[in-house]
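Ligands are counted one by one from 1 in listed order, and the atoms in each one are counted from 1 as well. One-based numbering along the sequence shown.
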Amino acid sequence: MSTNASPRVLVAGSANLDFVVRAPRVPAPGETVLGGGLQTFPGGKGANQAVACARAGGAPTTMLVALGADAQGERLRRSLREAGVELVEKPVEDASGVAFICIADSGENAIVVAPGANERLRPDDLPPLDGVSHLLLQLETSLDSVTAWAARARAAGVAVVLNAAPAQALPPALLEAVDLLVVNEGELAMLAGDAGDLEAALRRLPVPRAIVTLGGEGCVARDGDAILRQPAFAVEVVDTTAAGDTFCGALVAALARGDALAQAMREASAASALACTVAGAQASIPDRASVLALLDGAPAPGRGGAR
Ligand code: RIB
């Protein structure tokens with residue numbers, strides 16, 4: 001992993017406006033459940049991770065994003081800019097990406113994404129990598145593009161971090177270009193065959209470093225041959241949307257700052273716990289002061305619920 005003296009993070013990926021309804025539970029197939037009022041929040045895995053990285057403050061953060069010329073695109077652009085993310089924007093005629101999210105009273109969610117403009121990002125849209133130390137990728141844009149971006153970054157000596165979400169099989173050419181893979185349990189099972197034995201599954205992944213996030217059970221990493229464990233921080237869960245994205249963005253910010261993997265996992269876990277205490281995706285992502293307050297054992301300012 002790069003330890004560039006003046007790190008810069010580039011995030012390439014999706015932005016979606018999230019249409020959110022809370023309900024007693026996520027409906028089963030064929031079931032209708034009456035929920036509460038409709039809310040909208042800026043989201044999308046790529047944009048959430050860019051916001052998390054910028055708010056964590058480890059390095060200047062740039063995002064390659066495709067937005068439509070619509071009200072959703074304007075709202076997504078504004079949210080990214082307000083978080084301090086510099087944009088490399090591909091204007092497209094398609095509608096901006098949207099996501100439909102049902103949040104259960106337990107805080108868990110179910111999400112369907114209509115990618116729209118996100119699908120227009122192509123392999124040659126990646127901006128020049130001069131000065132970029134870390135490239136952070138997810139899988140809500142075309143797999144061909146993600147694979148080409150990762151290969152180009154690897155060839156340029158840029159550290160490539162891939163959050164393999166949503167779960168799908170990955171081509172060997174993509175995994176060969178990845179320095180650090182971040183997955184949840186379902187994604188780990190998809191990539192490693194099964195995730196019954198987490199350590200064994202992590203060891204089967206053909207990448208130098210890999211982390212599996214386990215919600216309230218914390219996270220486990222394989223760094224070469226070594227296994228690292230980070231417990232979760234106890235919080236009152238309101239909404240888990242973007243908790244994984246917050247983990248990825250805060251993790252890369254800490255690595256760009258020069259932190260060792262264990263410390264980066266600790267900060268990312270604290271950030272991700274705080275993201276669960278507030279409704280919405282980007283609206284819930286904490287800044288570094290709140291994360292440090294949680295790590296110091298103090299209540300995070302303006303974010304009740306951390307204990
Ligand atoms: O990871 C959470 C995100 O997934 C939401 O913001 C939604 O837009 C989907 O991309």
Q. Which distance, rounded to the nearest 0.5 Å, do you find between the CG of Leu126 and the CG of Leu135?
A. 6.0 Å
Q) For Glu140 and Pro166, which heavy atoms make the closest approach, and how far apart are they? A) CG-CD, 3.7 Å
Q) Can you list the atoms of ligand 1 that are under 4.0 Å from a heavy atom of Ala281? A) 6 (O)
Q.
I want to know if ligand 1 touches Thr241 in the polar sense, i.e. an N/O pair below 3.5 angstrom.
A. no
Q | Nearest protein heavy atom with distance in Å, relative to atom 5 (C) of ligand 1 | A | Asp18 OD2, 3.4 Å
Q: Using a strict 4.0 Å threshold on nitrogen-to-oxygen distance, state whether Glu199 and Arg204 make a salt bridge.
A: no
Q. Would you say Ile101 has any N or O atom under 3.5 Å from an N or O of ligand 1, going by distance alone?
A. no
Q.
How far is atom 4 (O) of ligand 1 from the closest protein heavy atom, and which atom is that?
A. Lys45 NZ, 3.2 Å
Q: Please confirm whether Gly244 comes under 4.0 Å of ligand 1, counting heavy atoms of the residue only.
A: no
Q: Apply the test salt bridge (Lys or Arg N to Asp or Glu O under 4.0 Å) to residues Arg257 and Asp259: give CA-CA distance (whole Å), side-chain angles for both, the deciding distance (0.1 Å), then the verdict.
A: CA-CA 6 Å; Arg257 199 182 298 126; Asp259 285 355; 3.5 Å; yes
(Q) Counting non-hydrogen protein atoms only, what is the nearest one to atom 10 (O) of ligand 1? Give residue, atom name and distance. (A) Glu140 OE2, 2.6 Å
Q) Any idea which atoms of ligand 1 are less than 4.0 Å away from a heavy-atom of Asn48? A) 2 (C), 3 (C), 5 (C), 6 (O)
Q) Salt-bridged, Asp179 to Arg154, with N to O below 4.0 Å? A) yes
Q | Nearest-0.5 Å distance, CD of residue Glu119 to CG of residue Asp94 | A | 8.0 Å
Q: Provide the number and element of each atom of ligand 1 under 4.0 Å from a heavy atom of Asp245.
A: 1 (O), 2 (C), 3 (C)
Q | Test log, rule salt bridge (Lys or Arg N to Asp or Glu O under 4.0 Å), inputs Arg55 and Glu82 | A | CA-CA 10 Å; Arg55 289 198 181 137; Glu82 283 175 1; over 6 Å; no
